[in-house]
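Everything numeric here is computed off the predicted structure, so don't read it as measured data.
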Amino acid sequence: MIRDANLKDVAELIEFLTPFHDDGGYKDISINRDIAKKNLTAMFSSKMHHIWVVEKDGQICAALGVVSTELWFSRRHYATNLFFCANNKGRGSGGFLLRKFRVWCSERPIIRDVTLGVTSEIGDVERVEKLYQAIGFKKLGGLFRLEA
């Protein structure tokens with residue numbers, strides 16, 4: 001079942017997302033659970049951010065969180081995914097979550113640009129790229145990170 005996340009989900013979201021972070025490209029930056037709780041809570045208070053979860057057997061097994069903000073040179077907004085994670089139980093739910101995301105963006109005319117990246121170290125980046133392209137995204141460049 002896909003549903004909108006809510007404040008009651010914050011603790012479970014942190015638990016669910018932590019292993020993905022710990023195996024990902026930003027594992028060198030440790031999670032501060034208080035900051036994570038504060039930021040996830042803030043997402044629920046803004047119409048410009050959103051989190052969806054997939055639940056099976058009463059547990060979160062996939063999540064997509066979206067943040068939008070103004071472009072640095074315009075009042076026009078852009079959106080980028082904060083996280084997109086699925087465990088084995090949530091496998092196959094990515095397309096459904098991304099379609100929810102597209103509808104959400106279309107209901108917010110101020111969001112005119114949407115850019116999704118693959119910033120984890122998942123083994124099958126091509127699979128994610130194909131998923132993005134299947135729902136209408138076009139490839140634009142790449143991501144590079146210089147660790148300090």
Side-chain angles (χ1 to χ4, degrees), residues 1-27 29-71 76-145:
M1 167 182 81
I2 297 177
R3 64 174 177 79
D4 296 335
N6 58 57
L7 285 171
K8 292 185 238 171
D9 294 315
V10 170
E12 187 179 355
L13 273 168
I14 293 170
E15 288 303 314
F16 173 73
L17 295 169
T18 296
F20 293 98
H21 169 80
D22 292 347
D23 289 336
Y26 293 94
K27 62 186 166 202
I29 305 170
S30 61
I31 290 180
N32 179 315
R33 290 178 182 272
D34 291 332
I35 291 173
K37 180 179 178 180
K38 178 182 162 196
N39 288 336
L40 288 171
T41 300
M43 287 181 73
F44 294 120
S45 67
S46 171
K47 292 181 181 179
M48 298 311 291
H49 312 307
H50 200 83
I51 302 171
W52 296 270
V53 294
V54 176
E55 222 176 37
K56 288 187 182 169
D57 302 323
Q59 293 185 316
I60 294 173
C61 59
L64 174 66
V66 174
V67 172
S68 77
T69 189
E70 287 182 353
L71 293 164
R76 193 164 122 174
H77 276 65
Y78 75 98
T80 182
N81 69 319
L82 172 64
F83 54 79
F84 172 36
C85 303
N87 63 20
N88 286 336
K89 281 188 176 182
R91 194 170 178 91
S93 59
F96 297 105
L97 286 166
L98 287 168
R99 284 182 191 89
K100 290 259 188 201
F101 169 64
R102 280 192 63 171
V103 169
W104 180 85
C105 288
S106 70
E107 293 169 349
R108 286 156 181 78
I110 196 166
I111 297 177
R112 304 273 305 278
D113 293 286
V114 179
T115 305
L116 299 178
V118 181
T119 58
S120 67
E121 293 178 11
I122 60 172
D124 197 355
V125 173
E126 291 81 19
R127 184 169 179 241
V128 176
E129 288 177 352
K130 286 178 184 176
L131 174 62
Y132 287 171
Q133 290 168 340
I135 65 158
F137 287 88
K138 306 232 180 312
K139 190 167 184 178
L140 175 67
L143 295 172
F144 300 88
R145 179 170 183 240

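The structure places CG of Leu98 at 9.0 Å from CH2 of Trp52, a figure rounded to the nearest 0.5 Å. Residue Leu7 holds its CG atom at 6.0 Å from CZ of Phe44, rounded to the nearest 0.5 Å. To the nearest 0.5 angstrom, Leu40 atom CG is 7.0 Å from Leu17 atom CG. Between the CD atom of Glu107 and the NE2 atom of His50 there is a distance of 9.5 Å, given to the nearest 0.5 Å. Distance check, rounded to the nearest 0.5 Å: CZ of Arg112 to NE2 of His77 gives 12.5 Å. In this structure, Arg102 CZ and Ile135 CD1 are separated by 6.0 Å, a value rounded to the nearest 0.5 Å.
The minimum heavy-atom distance between Ile60 and Ala62, with the atom names listed, is CG2-O, 3.5 Å. Annotation for Asn87 and Phe20: closest pair N-CZ, 3.8 Å, computed over non-hydrogen atoms. Minimum interatomic distance between Gly90 and Ser93 (heavy atoms only, all atoms of both residues): O-OG, 2.5 Å. The two residues Asn32 and Asp34 have their closest heavy-atom pair at OD1-N, 3.0 Å. Between Phe84 and Leu64, the shortest heavy-atom distance links the atoms CB-CD1, 3.8 Å. The two residues Ala63 and Phe83 come nearest to each other via the heavy atoms CB-CE1, 3.6 Å.
Partners of Asp4 according to the salt bridge (charged side-chain N to carboxylate O under 4.0 Å, His left out) rule, which considers only residues two or more places apart in sequence or in another chain, do not exist here. Taking Lys37 as the reference, Val10, Ile14, Thr41 meet the side chain to side chain contact (heavy atoms under 4.5 Å, CB included) condition, with sequence neighbours excluded. Every side chain to side chain donor-acceptor pair (under 3.5 Å) that Arg76 has, sequence neighbours left out, goes to Asp113.
Ring geometry, Phe101 versus Trp104: the interplanar angle falls under 30°, so the pair is classed parallel (tilted spans 30 to 60°).
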Using the side chain to side chain contact (heavy atoms under 4.5 Å, CB included) rule, take Met48 and Thr69 through it: C-alpha gap first, then chi angles, then the decisive distance, then the call. CA-CA 8 Å; Met48 298 311 291; Thr69 189; over 6 Å; no
Could you walk me through whether Leu13 and Val53 pass side chain to side chain contact (heavy atoms under 4.5 Å, CB included), step by step? CA-CA 9 Å; Leu13 273 168; Val53 294; 3.9 Å; yes
Residues Phe137, Leu131; criterion side chain to side chain contact (heavy atoms under 4.5 Å, CB included); working and verdict: CA-CA 9 Å; Phe137 287 88; Leu131 174 62; over 6 Å; no
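Residue pairs meeting the salt bridge (Lys or Arg N to Asp or Glu O under 4.0 Å) criterion with at least one partner in residues 5-20, sequence neighbours excluded, are Arg3-Asp9, Glu15-Arg33. Residue pairs meeting the salt bridge (Lys or Arg N to Asp or Glu O under 4.0 Å) criterion with at least one member in residues 77-100, sequence neighbours excluded, are Asp57-Lys89. Counting only residues at least two apart or on different chains, the side-chain hydrogen bond (donor to acceptor under 3.5 Å, both in side chains) pairs with a member in residues 127-136 are Glu129-Lys139.
The backbone N or O of Gly65 lies less than 3.5 Å from no partner atom in the side chain of His49, so there is not a single donor-acceptor pair. The backbone N or O of Thr80 lies less than 3.5 Å from no partner atom in the side chain of Thr115, so there is not a single donor-acceptor pair.
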